[in-house]
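Chain letters run A, B, ... following the sequence lines, proteins first, then strands; residues in each count from 1.
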2 protein chains.
Amino acid sequence: MAEPLLVRAARRGPVERTPVWFMRQAGRSLPEYRAIREKHAFFEVASTPELCAEVTLQPVRRHDVDAAVMFADIMTPVLGMGLDVRLVEGVGPVVDRPVRTMADVEALRVPDPEEAFAPVLEAVRLVRGALRPDQAVVGFCGGPFTVAGYLVEGRPSREFAVTKRLMLTEPAVWHALLARLADTFAAYVAAKARSGADVIQLFDSWVGALSPAHYRTYVAPYSARILAAVDVPTIHFGTGTATLLEEMAAAGGDVIGLDWRIPLDAGWDRVPDRAVQGNLDPAVLLAPWERIEAEALDVLARAAGRPGHIFNLGHGVLPSVDADTLTRLAALVRERSAAPVPA
Amino acid sequence: MAEPLLVRAARRGPVERTPVWFMRQAGRSLPEYRAIREKHAFFEVASTPELCAEVTLQPVRRHDVDAAVMFADIMTPVLGMGLDVRLVEGVGPVVDRPVRTMADVEALRVPDPEEAFAPVLEAVRLVRGALRPDQAVVGFCGGPFTVAGYLVEGRPSREFAVTKRLMLTEPAVWHALLARLADTFAAYVAAKARSGADVIQLFDSWVGALSPAHYRTYVAPYSARILAAVDVPTIHFGTGTATLLEEMAAAGGDVIGLDWRIPLDAGWDRVPDRAVQGNLDPAVLLAPWERIEAEALDVLARAAGRPGHIFNLGHGVLPSVDADTLTRLAALVRERSAAPVPA
């Protein structure tokens, strides 16, 4: 096959079985990743093409999944904008000088991606060269709300109170910030696609903190700008999005990512003209195998063989998950989703 | 009127205007509360009847809201079970010895509420005695998932990975824990109602982390047991519950609490045989007044004067909100929801 299975599913074309990969499959669930991280810091791995390609390929080799998702952090493109971001163990991304004024926003560069992200793009080329034609390279990019939230709060937040205050009291600053992020991210994903990424995923983890009306006004136009920057298929993902799915689909995405809070069939009914990705609760992978199998088969049953389902978790792999569980789950999806051979 | 406005609205009876109160109205948004906390620790205030009654009444005096919500923490009843809980500033409830085994569960007492919570019950009597007949005393109780999550994780969590692992891998331990919490909480709310609470709110803040299927199996029966323990009207509340509303209503609650992620009318359509409470985004109160007013009037417009709407935020008052904003908002709801005087 000349075209990756994931790409065909994203276009809702015919597939011989359901493609499967796992968000955050490259990372701490793998012993071979932890071995590399003993010697190299996170951003060192992410910015050294050979190391980045290696950790990106590790889960593909181990689990035989249908996509290699480029190892990166959602804050990676922000590093090119002139901001210092630290990844603090047990906390998440920390920005010591949060972005809260128009002057802060105007100090942000929109970098030339070929220059600022050269190692990332080289890693994409290395990964694409190492994969079979039926496997896909997925490049992801943080969603504008989630990244802006980190930049404005200065650290992870559950309430996003400072972020929303800025959004509602200084909309000009907010829109300027989001526009700058969108310009940077659009160039970043376009460069990734030129370098060989077959699919782009917009990963707006915490966008579910917003009401539909706030999402529409303050986020959707920027998500749309990023998603429109590439010709390859796109996946539009967030968590806690049960009330945002139609708005997210309107902003863009060939594929809408569903989390586990909405049954897959109910979620798909809300965006019937798109492919969907998901949606096993990542915490289910901590359960005994019989339970994992039953819940994975329930996801497949809800997809009911309709074209356009990409099997995934409803959010990233938890670091405490056993790597063998992921291998077994990928095999289960491959086997149980294959169309029966005609008699 | 012999009966509090809030009670009549909870029963979807006729009301002359929409009742209004704010979750977490007693607390850090008020200077008079902060003055008391300078001299007394949180649990000291909560367990001293006169102090507890005083901070409970402060927002009623200041904002002229229709309910006094008893000052407490959702972990208050847990203190009677033989567990040490610390409230850590900037973190939340911390349990140094998390509950993770059957032995841990069996070590939990189901206390006699009249004995273990005597100061809380005395505070309820003091507050009821201080209010007008048209004002309501609301007693709240943590929801079984949220409290169990704190007990199992040992601290606040976004993923609830340890909690869900216990739920799925050791269901007997999980069910034993939830049964013990339900027994304790049922006795706690029943005693509060006997002491004068007019309404009970079950406050399951983080239950939205669950899929509908997990909610139904692992939480709903225990929520139902607690809600069935009183004859007074009940409010059943959580956040991120857009996919759980029908399940929550099935478990119980005369009133279903809605967060801001779902437009009030859309949420109400999902539980048409109940009253609803909500649902202004608490972060909107950080915006300029014109914006607050517009969004509050939008909530009232979506309720459209149907009997059974209780105006509230979609979650608790943020500590950074200006107290005057709450006063003004309560007045706005009182004025703009009043039925026009017939000509």
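- With a 4.5 Å cut-off on non-hydrogen atoms, Glu170(B) does not touch chain A at all.
- Taking the six-membered ring for Trp and thresholds of 30 and 60 degrees, His175(A) and Tyr222(A) have ring planes inclined between 30 and 60 degrees apart.
- Identified by a heavy-atom distance below 4.5 Å to chain B, the contributing residues of residues 262-271 of chain A are Ile262(A), Pro263(A), in residue-number order.
- Between His315(A) and Trp206(A), the ring-plane angle classifies as perpendicular under the 30° and 60° cut-offs.
- For CZ of Arg97(A), the number of neighbouring non-hydrogen atoms (other residues, nucleotides, ligands) closer than 6.0 Å is 12 at most.
- Using a 4.0 Å cut-off between a side-chain N of Lys or Arg and a carboxylate O of Asp or Glu, Arg261(B) and Glu247(A) do not qualify as a salt bridge.
- Within the structure, salt bridge (Lys or Arg N to Asp or Glu O under 4.0 Å) contacts touching residues 154-167 of chain B (residues at least two apart or in different chains) are Asp281(A)-Lys164(B).
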Identify every side-chain donor-acceptor pair in residues 319-330 of chain A under 3.5 Å, counting partners at least two apart or on other chains, and give the distances.
from, atom 1, to, atom 2, distance (Å)
Asp322(A), OD2, Asp324(A), N, 2.9
Thr327(A), OG1, His63(A), ND1, 2.8
Thr327(A), OG1, Ala323(A), O, 3.3

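- The candidate from Ala209(B), Gly314(B), Pro156(B), Gly240(B) with the greatest count of non-hydrogen atom pairs under 4.5 Å with chain A is Ala209(B).
- Contacts of Arg291(A) with chain B are made by side-chain atoms alone, with heavy-atom separations under 4.5 Å and no backbone atom involved.
- With Thr241(B) contributing its side chain and Leu244(B) its backbone, the two residues share no donor-acceptor pair below 3.5 Å.
- Residues passing the side chain to side chain donor-acceptor pair (under 3.5 Å) test with Thr146(A) are Asp204(A), sequence neighbours excluded.
- When heavy atoms are compared at a cutoff of 4.5 Å, Val284(A) approaches chain B by way of both its backbone and its side chain.
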